[in-house]
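Here is the structure we will look at.
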Amino acid sequence: MHRGIYGLLGVAAALGLAVSCKDDPTSTLRGGPALLTLEFDYREVVIRDSVKVTAVVRDGQNNPLPVPITVLIPSSCTAGIASVAPTPAAPLPITAFFLKGLAYGTTCVVAQSSGLSDTMRVATFPARISITGPDTVQSGSTVTFIATYFDALGNPLAGLPAPTWSSTDANVASVTATGDVSGKAPGQVRVEVVGVGSPEAGVTFGRTFVVAPGTFAGTASATTGAPGDSIKYTRGAGAVFDADTRFTYNGLRTFLSGLTADSVKAIVPGIGTTSTVPLLMTSVGPTQIAYRSNFTATTASLDDKYDATNNDPSTAPSITANGDYYIIESGTCSGGANTDPGDDCDDFFRVANPSGVDTLFARVQLDWFSGSDVDILWCRNVTCTSVTTGGGATLSNPEVSNVKIPPGATWYLWLNYFEPIGVTKDILRVRFSGLP
């Protein structure tokens with residue numbers, strides 16, 4: 001009994017399934033080609049390299065069909081940019097082919113079958129770009145660096161768009177759109193190119209080199225000297241001195257005066273050796289050329305021409321005229337004090353107002369180059385028991401002080417070299433104005 005009931009239920013289920021299949025609304029879509037698709041709409045390939053791409057024909061139910069597909073580059077797209085070559089894809093019901101880059105450019109690939117087609121855009125690019133050029137460029141000279149594209153096999157490519165050039169420091173070396181590199185300030189720098197490449201952001205490459213100063217071809221009024229000496233330099237061919245020209249003796253920057261396009265005077269800093277040291281001229285002229293020369297220090301002493309008298313207010317030299325005065329200060333000078341017999345942390349100058357009538361308005365500007373601090377103070381008597389800052393004693397560089405010296409009084413300018421940061425010597429310019 002139970003068996004009969006189960007048998008009847010099975011027949012009913014079978015009939016129901018048959019009715020259901022017969023009424024499947026998508027059954028007419030199965031079997032015939034309805035859609036052809038390439039794996040990509042857009043594909044990039046490196047020149048002389050190949051990538052595998054597939055194409056497939058599907059029926060209306062999206063089932064892949066094992067029908068033949070023709071893959072070609074049509075005449076409507078640029079020839080010679082890429083090629084296609086079949087490759088096995090079994091056991092999958094698809095068509096596979098290799099897309100190979102031949103030359104730089106864009107083209108397309110078309111797949112065709114059973115009246116259906118699909119198109120894939122193709123772009124080909126170099127594998128890399130490289131720069132050739134010297135390891136050293138002399139300041140003031142221009143050298144052409146060469147950028148070269150290469151394919152996947154390392155062969156150079158020609159006829160591609162020019163890359164974009166740049167310099168990591170235009171103050172050291174500049175570069176034009178065609179790769180002409182001009183050396184300026186001494187130092188290490190890198191030029192870089194960005195060229196067409198895959199991805200479309202491009203391929204990049206950089207070359208690091210050194211800019212070396214050229215040899216100064218001018219003349220000097222002296223090639224030897226001591227701290228505080230003034231040396232006149234007259235330019236050679238190509239050199240033009242200007243407002244931002246800098247002179248550095250053995251790494252110590254110094255002050256310049258009497259500047260013209262043809263000549264300039266440099267104050268010898270405290271070199272601290274009797275050997276021949278390098279002299280570097282930088283930022284010369286509108287193209288910022290650098291030159292090298294030599295200078296021989298005649299003494300290892302750091303004493304300037306005032307040091308015989310200006311370390312004590314009682315023997316301080318008198319300042320009677322406006323202008324620039326140059327001194328050397330040196331030592332550890334921790335807390336602004338002489339901590340060692342060899343330190344020169346304090347220098348003094350005498351400024352008198354002998355008129356007996358009018359108040360003397362004195363202005364002092366003090367400049368230096370190091371990471372130290374130099375303070376301006378004024379002693380109103382020779383023992384320095386009465387001290388005023390007169391607006392000085394700040395962290396500013398330059399330090400500026402303005403004071404009113406009463407009629408008949410003599411004040412003493414006190415220059416205090418204060419806590420140099422990794423600097424043991426420096427040249428200072430004391431600029432007086434306001435004197436009668």
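All figures in this text were calculated on a predicted structure; none of them were measured in a lab.
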Which heavy-atom pair separates [X] from [Y] by the least distance, and what is that distance?
X: A82; Y: T107; result: CB-CG2, 4.1 Å
X: N416; Y: E329; result: C-OE1, 4.2 Å
X: I47; Y: P126; result: CD1-N, 4.0 Å
X: N294; Y: P278; result: OD1-CA, 4.1 Å
X: Y249; Y: I267; result: CE1-O, 4.2 Å
X: D303; Y: P227; result: O-CB, 3.7 Å

[Y] side chain reached by [X] side chain, heavy atoms, under 4.5 Å:
X: D324; Y: F255; answer: no
X: L366; Y: V430; answer: yes
X: Q138; Y: V143; answer: no
X: P313; Y: C379; answer: no

Intermediate values then yes/no, side-chain contact (heavy atoms from CB on, under 4.5 Å), D344 and I328: CA-CA 8 Å; D344 181 17; I328 310 297; 5.5 Å; no

Cut-off 3.5 Å, side chains only: do [X] and [Y] have a donor facing an acceptor?
X: R380; Y: S386; value: yes
X: T273; Y: S275; value: yes
X: T54; Y: E39; value: yes
X: T276; Y: T296; value: yes

- request: Determine, stepwise, if the pair R363 / V400 fulfils side-chain contact (heavy atoms from CB on, under 4.5 Å).
  value: CA-CA 7 Å; R363 184 180 192 274; V400 177; 3.5 Å; yes

Centroid-centroid distance, F145 to F209, less than 6.0 Å: yes

query: Between F125 and Y149, does the ring centre distance come in under 6.0 Å?
result: no

Would you please name every residue forming a side chain to side chain donor-acceptor pair (under 3.5 Å) with [X], sequence neighbours left out?
X: T176; result: T178
X: S113; result: none
X: T260; result: S263
X: R292; result: T215

message: Taking side-chain contact (heavy atoms from CB on, under 4.5 Å) as the definition, give me every residue that meets it alongside T142, ordered by chain and number, with sequence neighbours left out.
response: D180, S182

message: Under the rule for side-chain contact (heavy atoms from CB on, under 4.5 Å), what residues qualify as partners of V351, not counting sequence neighbours?
response: I319, L360, W378, I405, F432, L435

Counting N and O atoms only, with roles assigned by atom type, does the side chain of [X] sit under 3.5 Å from a partner on the main chain of [Y], one being a donor and the other an acceptor?
X: D151; Y: L157; value: no
X: T124; Y: A103; value: yes
X: D118; Y: L38; value: yes
X: S167; Y: V191; value: no
X: S293; Y: L279; value: no
X: R350; Y: S314; value: yes
X: S139; Y: K184; value: yes

statement: Which of D244, D242, T282, N171 passes side chain to side chain donor-acceptor pair (under 3.5 Å) with Q288? It is D244

task: Walk me through it: do E192 and T204 pass the test side-chain contact (heavy atoms from CB on, under 4.5 Å)?
output: CA-CA 7 Å; E192 298 177 343; T204 62; over 6 Å; no

message: Quick test of your reading of the model: are D135 and R207 salt-bridged, counting only N-O distances below 4.0 Å?
response: yes

Parallel, tilted or perpendicular: ring planes of Y291 versus F216, cut at 30 and 60 degrees: perpendicular

task: Assign the ring pair F349 / Y306 to parallel, tilted or perpendicular, where the plane angle (0 to 90°) is split at 30° and 60°.
output: perpendicular

query: What do the steps show when you test Y233 against M281 for side-chain contact (heavy atoms from CB on, under 4.5 Å), and what is the final call?
result: CA-CA 11 Å; Y233 292 87; M281 308 173 187; 3.8 Å; yes

